[in-house]
Amino acid sequence: QVQLSESGGGLVQPGGSLRLSCATSTRTYSTYSMGWFRQSPGKEREFVAHLRRGSSTTYYADSVKGRFTISRDNAKNMVYLQMNSLKPEDTARYYCAAGGGLITSDVRKPGRYDYWGQGTQVTVSL
């Protein structure tokens with residue numbers, strides 16, 4: 001059982017930056033791959049970024065590539081999503097997820113992850 005807790009969301013102007021944090025209840029580096037997803041009202045949950053377990057391999061949605069960076073601090077049991085050059089269309093609730101045994105074709109599928117946090121709201125607006 002892994003508990004995840006996101007923080008760091010808020011209101012930011014277009015072009016601004018935010019760093020989301022995900023605290024994990026246990027060490028995840030070698031056991032779980034970590035992902036960030038987002039969801040807006042009336043829309044399906046959307047893949048944002050993924051960090052493969054035991055490595056530094058990352059995957060990003062095309063819409064955030066070059067603007068967002070996923071990382072982890074193993075000593076602190078934390079996963080981060082650094083978001084730069086934010087756009088109004090980035091507005092959503094952002095969720096952290098953990099999955100074991102994911103293969104490359106799974107990383108963008110919410111249903112392949114085992115554990116989820118409650119999410120943190122990000123609003124990009126003037």
Side-chain angles (χ1 to χ4, degrees):
Q1 187 84 13
V2 179
Q3 294 180 329
L4 307 174
S5 179
E6 304 92 335
S7 61
L11 174 64
V12 62
Q13 293 186 351
S17 297
L18 280 176
R19 188 178 80 158
L20 304 184
S21 299
C22 174
T24 68
S25 61
T26 186
R27 296 179 183 269
T28 60
Y29 175 73
S30 61
T31 308
Y32 293 99
S33 295
M34 303 300 297
W36 284 96
F37 288 78
R38 65 188 182 187
Q39 189 168 20
S40 302
K43 295 187 177 181
E44 293 186 352
R45 193 161 293 190
E46 174 189 23
F47 168 75
V48 175
H50 175 93
L51 178 57
R52 180 174 288 178
R53 65 179 180 178
S55 79
S56 58
T57 301
T58 57
Y59 302 90
Y60 295 95
D62 289 343
S63 59
V64 307
K65 201 172 295 183
R67 300 189 297 123
F68 289 13
T69 302
I70 186 172
S71 63
R72 69 201 309 166
D73 184 329
N74 299 319
K76 296 182 178 179
N77 290 346
M78 297 290 291
V79 179
Y80 303 103
L81 184 69
Q82 178 67 44
M83 306 187 297
N84 299 327
S85 302
L86 282 161
K87 305 175 181 180
E89 51 264 42
D90 295 317
T91 295
R93 191 163 186 85
Y94 284 70
Y95 296 88
C96 176
L102 294 174
I103 60 176
T104 303
S105 60
D106 288 340
V107 302
R108 290 172 171 79
K109 301 174 182 177
R112 299 300 190 189
Y113 290 77
D114 303 309
Y115 302 103
W116 291 85
Q118 294 301 308
T120 185
Q121 179 67 34
V122 172
T123 302
V124 185
S125 179
L126 291 172

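Taking CE from Met83 and CZ from Arg19, the interatomic distance works out to 11.5 Å, rounded to the nearest 0.5 Å. For the atom pair CZ of Arg93 and OG1 of Thr123, the computed distance is 10.0 Å after rounding to the nearest 0.5 Å. Annotation: the span from Tyr94 atom OH to Leu81 atom CG amounts to 7.5 Å, rounded to 0.5 Å. A distance of 6.5 Å separates CZ of Arg67 from CG of Leu86, quoted to the nearest 0.5 Å. In this structure, OG in Ser25 is found 8.0 Å from CG in Asn77, a value given to the nearest 0.5 Å. How far OH of Tyr29 is from CZ of Arg53: 11.5 Å, rounded to the nearest 0.5 Å.
Side-chain N or O atoms of Glu6 include none that pairs as donor or acceptor with a backbone N or O of Thr120 at under 3.5 Å.
Taking 4.5 Å as the limit, some side-chain heavy atom of Ser125 sits within range of a side-chain heavy atom of Leu11. For the pair Cys96/Trp36, a side-chain contact is recorded, criterion being any heavy-atom separation below 4.5 Å from C-beta on. In this structure, the side chains of Thr91 and Gln121 come closer than 4.5 Å at one or more pairs of heavy atoms. Side-chain contact check for Ile103 versus Arg112: every heavy-atom pair is 4.5 Å or farther apart. Counting heavy atoms from C-beta outward, Ser63 and Glu89 have side chains that stay 4.5 Å or more apart.
Using a cutoff of 4.0 Å between basic side-chain nitrogens and carboxylate oxygens, Asp62 and Lys65 are scored as salt-bridged.
Ring geometry, Tyr115 versus Tyr32: the interplanar angle exceeds 60°, so the pair is classed perpendicular (tilted spans 30 to 60°). A tilted orientation is assigned to the rings of Tyr59 and His50, their planes being inclined by 30° to 60°.
Scanning both residues, Ser40 and Ala92, for their nearest heavy atoms gives OG-CB, 3.6 Å. The shortest non-hydrogen separation linking Arg38 to Val64 is NH1-CG1, 4.0 Å. In terms of heavy atoms, Tyr95 sits closest to Gly117 at CD2-O, 3.6 Å. Across Tyr113 and Ser33, no two heavy atoms sit closer than the pair CE2-O, 4.4 Å. Across every non-hydrogen atom of Ser21 and Met78, the tightest pair is CB-CE, 3.6 Å. Residue Leu51 comes nearest to Arg72 through the heavy atom pair CD2-CD, 3.3 Å, listed as atom of the first residue, atom of the second, then distance.
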